[in-house]
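Notes for the one structure printed next.
The basis for the numbers below is simple: all heavy atoms, side chains too, and nothing from hydrogens, waters or symmetry mates.
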Amino acid sequence: MPMAALLLNLLLLVVKAAAIKVATPCAIPPDDGSTVHILHAFGPCSPLGAVPFTSWEDTIMDLLSRDASRLLYLSSLAASAGRSFVPLSPGRQLLQIPNYVVRAKVGSPPQSLLVALDNSNDAAWFPCAGCVGCPSASSSFATARSSSYRPLPCGSPQCRQVPNPSCFAGASSCAFNLTYGSSSIQAGLVQDSLALAADVVPFYTFGCLQKVTGGNSVPPQGLLGLGRGPLSFLSQTKSLYDSTFSYCLPSFKSLNFTGTLRLGPVGQPKHIKTTPLFSNPRRSSLYYVNMVGVRVGRKVVDIPPSALAFDPATGAGTIVDSGTMFTRLVTPAYNAVRDEFRRRVKASGPVTTLGGFDTCYDGPMVAPAITLMFAGMNVTLPPENVMIHSTAGSVSCLAMAASPDNTNSMINVVANMQQQNHRVLFDVPNGRIGFAREPCSGVV
């Protein structure tokens with residue numbers, strides 16, 4: 001073979017290998033059995049087309065603004081009697097923003113969707129073909145292609161469990177309306193098969209989006225609620241999964257579906273620290289726990305008991321939420337944690353601020369350990385769950401904040417950044433939530 005041809009072939013092999021190497025980080029591994037892989041919706045490999053931010057600061061500001069609206073949503077849920085949805089909120093961003101997505105298959109034959117995961121929401125809903133104003137027609141569910149699709153009638157029991165139930169003009173099928181972020185949504189209540197990983201759930205009840213107006217707030221390919229209400233995934237699959245699930249949430253920098261959602265009691269960790277799960281009769285979907293204190297370094301900080309106390313009448317207490325990015329504590333609790341944190345890193349230089357973060361440092365620093373103390377277990381956060389660091393520069397910030405002053409209940413939220421790289425178990429039949437360390441972010 002001539003030398004020029006040989007060199008050309010070698011060059012082509014190098015280029016091909018480089019292309020494979022570049023493509024591999026965003027490859028999607030197959031789901032297996034009752035285990036579903038999870039991807040952060042704002043990660044570098046997000047298939048949802050997340051907004052490309054020009055800087056780290058822009059990314060943080062966007063996530064903080066979404067969190068502020070999320071806190072308004074959660075506090076409304078905690079104080080709203082007998083409602084599975086919040087009809088309206090003044091938030092500018094997506095109110096029910098979940099930060100993680102999983103792959104689901106809907107219909108017969110199955111159609112693939114990447115649906116947002118939300119453990120503080122009950123219902124599922126997906127954009128359907130012909131939806132007016134839905135984010136993307138290419139990612140909608142084509143009802144005409146599914147042989148198992150069927151609308152539910154107005155008189156069905158499920159129709160009485162949705163917000164603002166009604167009937168389409170001239171038809172007998174059930175419909176409902178709600179306000180979601182800046183969008184108003186109209187959906188038909190329907191049933192079809194739903195599959196996560198290898199398990200198929202026939203006759204799953206969900207909302208089929210028909211019309212969206214007033215903004216672009218809905219998750220592009222739909223939402224799956226993992227709350228505890230009557231139309232939630234847990235309730236509709238109780239005979240299959242026994243109202244038990246766990247997840248490991250990857251970092252938002254993770255390149256792939258490295259996190260997992262594990263469904264059912266089989267395969268859950270046998271040795272895991274747990275704390276009792278509380279219920280709020282006003283909003284049974286939220287996963288309340290009894291947080292009794294916070295330790296910074298070796299010191300248990302002085303937090304008024306009323307700041308952590310569970311009160312179902314007002315919705316006060318502490319919840320574990322997958323949709324909020326950064327942990328929020330009510331003001332007396334947060335101030336106590338922040339002040340002790342600052343005292344221990346005083347030698348690292350002056351404290352600066354960045355948007356909603358009020359404890360930032362420009363330069364090297366060593367963060368003290370933070371331990372969330374619950375009845376029956378302590379969870380000591382690894383350093384990467386305590387501080388958020390700039391990718392270009394030397395700024396780092398304590399990744400917690402005070403709850404917004406305008407929320408209507410004293411609610412503390414253990415958010416997804418503090419949960420990342422842990423196996424978090426939701427064992428509803430045994431009334432407990434557990435935490436176990438489990439790295440699942442892959443290469444970041």
**Report entry** Asn416, Asn121, Asn119 screened by side-chain hydrogen bond (donor to acceptor under 3.5 Å, both in side chains) with Ser322, the one that passes
**Finding:** Asn119
Query raised in the report: Ser251 and Ser441: which non-hydrogen atoms are nearest, and at how many Å?
Result: N-OG, 2.7 Å
**Report entry** Distance, nearest 0.5 Å, that separates OG1 of Thr274 from CG of Leu425
**Finding:** 8.0 Å
Report task. For residues Leu308 and Val292, determine if any side-chain heavy atom of one lies less than 4.5 Å from a side-chain heavy atom of the other. Result -> no
Query raised in the report: How many angstroms lie between atom CG of Leu277 and atom OH of Tyr288, to the nearest 0.5 angstrom?
Result: 11.5 Å
Query raised in the report: With distance as the sole test, does Gln418 use its side chain to make a donor-acceptor pair with the main-chain N or O of Asn385 at under 3.5 Å?
Result: yes
Requested in this report: Please lay out, stage by stage, how Ser34 and Asp199 fare under the test side-chain hydrogen bond (donor to acceptor under 3.5 Å, both in side chains).
Outcome: CA-CA 7 Å; Ser34 296; Asp199 300 320; 2.5 Å; yes
Query raised in the report: Looking at Phe310 versus Phe278, is the centre-to-centre ring distance below 6.0 Å?
Result: yes
**Report entry** Intermediate values then yes/no, side chain to side chain contact (heavy atoms under 4.5 Å, CB included), Thr314 and Met410
**Finding:** CA-CA 8 Å; Thr314 63; Met410 296 278 288; 5.9 Å; no
Requested in this report: Please step through side chain to side chain contact (heavy atoms under 4.5 Å, CB included) for the pair Thr371 and Leu381, ending with a clear verdict.
Outcome: CA-CA 6 Å; Thr371 300; Leu381 303 176; over 6 Å; no
**Report entry** Note, Ile370 side chain near Leu398 side chain (heavy atom, < 4.5 Å)
**Finding:** yes
Query - Partner of Ser246 under side-chain hydrogen bond (donor to acceptor under 3.5 Å, both in side chains), chosen from His422, Gln268, Glu438, Arg262 - result: Gln268
Query raised in the report: Closest approach of Ala104 and Leu196, non-hydrogen atoms and distance?
Result: CB-CD2, 3.6 Å
Report task. Starting from the C-alpha separation in whole Å, work towards a yes-or-no answer on side chain to side chain contact (heavy atoms under 4.5 Å, CB included) for Thr327 and Met417. Result -> CA-CA 7 Å; Thr327 286; Met417 182 173 178; over 6 Å; no
Query raised in the report: With distance as the sole test, does Gln419 use its side chain to make a donor-acceptor pair with the main-chain N or O of Asp321 at under 3.5 Å?
Result: yes
Report summary line: Distance col, row Arg103:CZ vs Leu113:CG, nearest 0.5 angstrom, shows 12.5 Å
Requested in this report: Might you work through the side chain to side chain contact (heavy atoms under 4.5 Å, CB included) test for Gln236 and Val201, ending with a clear yes or no?
Outcome: CA-CA 9 Å; Gln236 294 195 57; Val201 183; 5.5 Å; no
Query raised in the report: Can you find a pair of side-chain heavy atoms, one from Met291 and one from Leu329, that are under 4.5 Å apart?
Result: yes
Requested in this report: Find out whether Val345 and Pro368 are in side-chain contact, i.e. whether some heavy atom of one side chain is under 4.5 Å from a heavy atom of the other.
Outcome: yes
Query raised in the report: Would you say Ser232's side chain and Ser235's backbone share a donor-acceptor pair under 3.5 angstrom?
Result: yes
Query raised in the report: Which atom pair, heavy atoms only, marks the closest approach of Thr353 to Cys360?
Result: C-SG, 4.1 Å
**Report entry** Donor-acceptor contact below 3.5 Å, side chain Ser193 vs main chain Gly107
**Finding:** yes
Report summary line: Scanning both residues in full, the closest heavy-atom pair of Arg228 with Leu286 reads NH2-O, 2.6 Å
Query raised in the report: With no hydrogens and no angle check, is any side-chain donor or acceptor of Arg295 less than 3.5 Å from a backbone partner on Val301?
Result: no
Query raised in the report: Rounded to the nearest 0.5 Å, how far apart are CE of Met400 and CG of Asn412?
Result: 11.0 Å
Requested in this report: Spell out, with a plain yes or no, whether Cys159 and Cys154 have SG atoms under 2.5 Å apart.
Outcome: no
Requested in this report: With Arg328 as the cation and Tyr334 as the aromatic partner, state whether NZ or CZ is under 6.0 Å from the six-membered ring centre and within 45° of the axis.
Outcome: no
Report task. Classify the ring geometry between Phe245 and Phe426 as parallel (under 30°), tilted (30 to 60°) or perpendicular (over 60°). Result -> parallel
Report summary line: d(Phe233 CZ, Tyr204 OH) to nearest 0.5 Å is 6.0 Å
Query raised in the report: Under 2.5 Å between the sulfurs of Cys134 and Cys131, yes or no?
Result: yes
Requested in this report: Answer yes if the side chains of Asp122 and Ser285 hold a donor-acceptor pair under 3.5 Å, and no otherwise.
Outcome: yes
Requested in this report: Supply the atom-to-atom distance Thr359 OG1 to Met387 CE, rounded to the nearest 0.5 angstrom.
Outcome: 8.5 Å
Report task. Check the angle between the aromatic planes of Phe326 and Phe357 and answer parallel, tilted or perpendicular using the 30° and 60° thresholds. Result -> perpendicular
